[in-house]
Amino acid sequence: MELLLLGLIIAVATGGGASAADQPQSHPVIEWLISAEIGGSFNVDKVAFDNGAMFAIGDISKGELIMDVPRKAQLRPSKEEYEEHEDYNSEEDGYGLMCFTAKRLAYEYEVLKEKSGHWPYLQYVFESFDHAAIPIGWSPEGKELVHVMVDYDVLEPFDFGDTCFAGTTYAESCKHAADGEGSVLLEAAWRIVVSRGWNHVLVPSYDMINHRNGSWRNVDRDPMGGRANLEVDGEFRIIAIKDIPAGAQLYNSYNQCDYDATCNRNTGMVYMTQDIFQDYGFVEQYPRRFAFFTGYDHDEELGLVINIDEKTPGGGDLEVKWMTKRPSKLQLKWMVEQLALLTDKEMIDYLEKGVKLLTSEKEGRAVLEYYEALKEVLSLAIETVHPPQDDKGASNDDPLSDDDDFDDDDFDDFHEDEDRIFIEDEDGDDDFDDEDEDEDGAGDEL
């Protein structure tokens with residue numbers, strides 16, 4: 001039965017990954033960025049945009065400039081709108097500055113057209129970018145498949161179809177849309193800002209770099225002697241943070257950025273794989289990080305956080321790190337129960353039938369990929385705490401206890417507020433960071 005789901009993923013997939021093997025054509029947005037009118041820069045000799053991704057077409061050295069996007073190229077609210085909505089994203093003001101950016105985007109595209117100083121970028125985001133493919137633009141049927149899969153908010157993402165940081169539609173999110181301005185074009189502009197904006201600012205060309213964390217992340221904002229603040233400093237210089245060989249894809253990070261003061265350094269512990277899926281509609285490649293909220297968590301705000309990564313980049317072996325304390329027996333029981341629900345024949349049949357009925361192949365592919373990701377993380381999490389038996393019938397080392405025999409039959413004996421066992425970090429504290437999990441950084445090898 002599970003093989004059928006994997007087959008469906010292959011069946012709805014459209015084409016392979018991007019490649020820099022062919023000579024990429026110059027992109028209109030990049031040509032516009034480096035024009036005399038805009039005055040930006042782009043490393044055209046070593047970087048090109050091809051098939052939805054940025055690639056190195058020559059060897060790039062650490063610290064080398066990738067692009068410089070000046071304030072003139074960016075789309076953001078006016079000075080007056082900044083002053084009027086200093087408390088943007090507050091409950092009172094809704095998502096004020098994002099709303100103004102969306103309104104400006106729609107106005108320049110519909111009214112100014114070629115007279116807009118951003119016209120090549122406007123054409124790209126409205127006419128070539130599939131903004132309807134992000135979850136707030138999904139069909140009700142596609143959203144419902146995810147709701148059932150996560151057992152209506154038992155697993156994340158919660159409230160799938162909303163975004164983590166903004167409202168679902170322009171009309172719902174923007175207080176000044178109450179006068180009937182929630183047009184089709186404004187809704188499209190809203191989706192563009194939500195999916196491509198750095199907070200409320202659109203940064204052309206930089207928003208064409210794809211996301212991936214871990215050792216794959218190879219570009220970031222130039223710190224220029226400190227952490228930069230896009231909303232204050234304006235200029236957006238992107239550099240290589242490591243040597244990048246020709247043919248490699250360029251990756252930034254949506255949640256583990258180091259050098260921008262508008263990106264909290266703890267964002268990677270509260271905005272993870274399930275949140276990226278909720279906002280952008282794709283399952284990030286390894287590394288992946290999930291949070292589970294079991295009801296028995298040491299930290300109710302963080303939950304139970306697990307990181308999965310390839311042991312070697314591009315290799316098949318995976319390793320697990322607990323970013324919070326290792327699970328208690330009750331947390332482990334909860335994970336086993338969730339995995340059982342996911343792999344139940346009724347769930348598999350429901351997803352198979354539902355995906356086949358969707359009109360959007362992208363939605364169907366995303367649903368199945370997220371299903372496989374959830375199933376994988378739960379399976380690996382359980383295995384690291386309660387390993388399978390070896391050939392002699394004895395369990396491998398049990399990280400929960402040296403003197404407790406632990407098997408699935410024991411679950412019936414658990415009581416909600418008893419037998420909670422937590423394993424401290426190697427340094428004996430409760431802090432959460434990548435360095436605390438294992439002294440050698442190796443994690444739990446699988």
Side-chain angles (χ1 to χ4, degrees), residues 28-29 32 69 71-143 159-208 230-231 254 262 278-282 359-360 362-363:
V29 174
W32 162 78
V69 186
R71 191 180 182 95
K72 185 177 182 179
Q74 300 161 20
L75 274 158
R76 62 172 75 222
S78 67
K79 181 178 179 182
E80 292 73 22
E81 290 164 343
Y82 269 113
E83 293 173 351
E84 181 181 350
H85 290 269
E86 291 181 355
D87 296 325
Y88 82 100
N89 272 358
S90 71
E91 183 177 350
E92 179 181 354
D93 289 330
Y95 304 93
L97 293 183
M98 292 179 66
C99 296
F100 282 123
T101 301
K103 195 171 184 179
R104 179 182 176 187
L105 191 70
Y107 173 79
E108 291 199 15
Y109 179 71
E110 184 177 41
V111 178
L112 296 184
K113 299 184 184 296
E114 293 89 346
K115 295 180 181 179
S116 166
H118 300 91
W119 183 240
Y121 179 70
L122 297 173
Q123 287 183 297
Y124 171 67
V125 294
F126 276 106
E127 300 169 15
S128 298
F129 170 60
D130 190 4
H131 52 80
I134 67 172
I136 60 174
W138 276 26
S139 67
E141 295 79 10
K143 294 176 183 178
D159 301 318
F160 184 78
D162 291 341
T163 67
C164 294
F165 56 87
T168 303
T169 65
Y170 179 89
E172 292 176 0
S173 306
C174 304
K175 304 300 182 181
H176 52 276
D179 57 0
E181 296 180 7
S183 67
V184 172
L185 186 65
L186 275 170
E187 295 299 343
W190 175 251
R191 291 193 294 269
I192 290 168
V193 174
V194 167
S195 59
R196 305 186 71 90
W198 192 259
N199 297 328
H200 57 277
V201 183
L202 289 168
V203 188
S205 294
Y206 178 62
D207 61 4
M208 296 161 69
L230 174 62
E231 296 167 23
Y254 293 176
T262 61
Q278 177 163 344
D279 285 341
Y280 302 101
F282 68 87
T359 57
S360 169
K362 287 184 178 180
E363 288 182 21

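- Atom-to-atom distance recorded for Thr101:OG1 and Ile192:CD1 is 12.0 Å, nearest 0.5 angstrom.
- One distance of note links CH2 of Trp198 with OH of Tyr206; it measures 4.5 Å at 0.5 Å rounding.
- Formation of a donor-acceptor pair under 3.5 Å by the Gln74 side chain with backbone atoms of Val69 is found in this model.
- The backbone N or O of Asp162 sits less than 3.5 Å from a side-chain atom of Gln278, completing a donor-acceptor pair.
- The nearest pair of heavy atoms linking Gly281 to Pro135 is N-CD, 3.4 Å.
- Of all heavy-atom pairs between Pro77 and Leu97, the closest is CG-O, 3.4 Å.
- The line from NZ of Lys143 to CZ of Phe160 is 8.0 Å long, rounded to the nearest 0.5 Å.
- Between Glu187 and Arg191 there is no salt bridge, since no side-chain nitrogen of the basic residue lies less than 4.0 Å from a carboxylate oxygen of the acidic one.
- Separating the CG atom in Leu75 from the CD atom in Glu108 is a distance of 5.5 Å, to the nearest 0.5 Å.
- Checked by atom type and distance alone, the side chain of Glu363 pairs as donor or acceptor with a backbone atom of Ser139 at under 3.5 Å.
- Counting heavy atoms from C-beta on, the side chains of Glu110 and Phe126 never come closer than 4.5 Å.
- Closest heavy-atom contact between Leu185 and Ala106: CD2-O, 3.6 Å.
- Shown here for Ala189 and Ala102, the closest heavy-atom pair between the two residues is CB-O, 3.3 Å.
- Distance check, rounded to the nearest 0.5 Å: OH of Tyr121 to CZ of Phe129 gives 8.5 Å.
- Two residues are said to be in side-chain contact when any heavy atoms from C-beta on lie closer than 4.5 Å; Leu105 and Leu122 meet this criterion.
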Asp207 and Tyr124: side-chain hydrogen bond (donor to acceptor under 3.5 Å, both in side chains), yes or no, with the steps? CA-CA 12 Å; Asp207 61 4; Tyr124 171 67; over 6 Å; no

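- Side-chain contact check for Trp190 versus His131: every heavy-atom pair is 4.5 Å or farther apart.
- The CD atom of Glu81 sits 12.0 Å away from the CZ atom of Arg76 when rounded to the nearest 0.5 Å.
- For the pair His200 and Val193, the minimum side-chain heavy-atom distance is 4.5 Å or more.
- Side-chain contact between Tyr109 and His118 is absent, with no heavy atoms from C-beta onward closer than 4.5 Å.
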Does the side chain to side chain contact (heavy atoms under 4.5 Å, CB included) test come out yes or no for Lys103 and Tyr170, once each step is laid out? CA-CA 9 Å; Lys103 195 171 184 179; Tyr170 179 89; 3.8 Å; yes

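- A side-chain donor-acceptor contact under 3.5 Å links Trp32 to the backbone of Gly117.
- Counting only distance, with no hydrogens or angles, the side chain of Arg196 and the backbone of Leu202 share no donor-acceptor pair below 3.5 Å.
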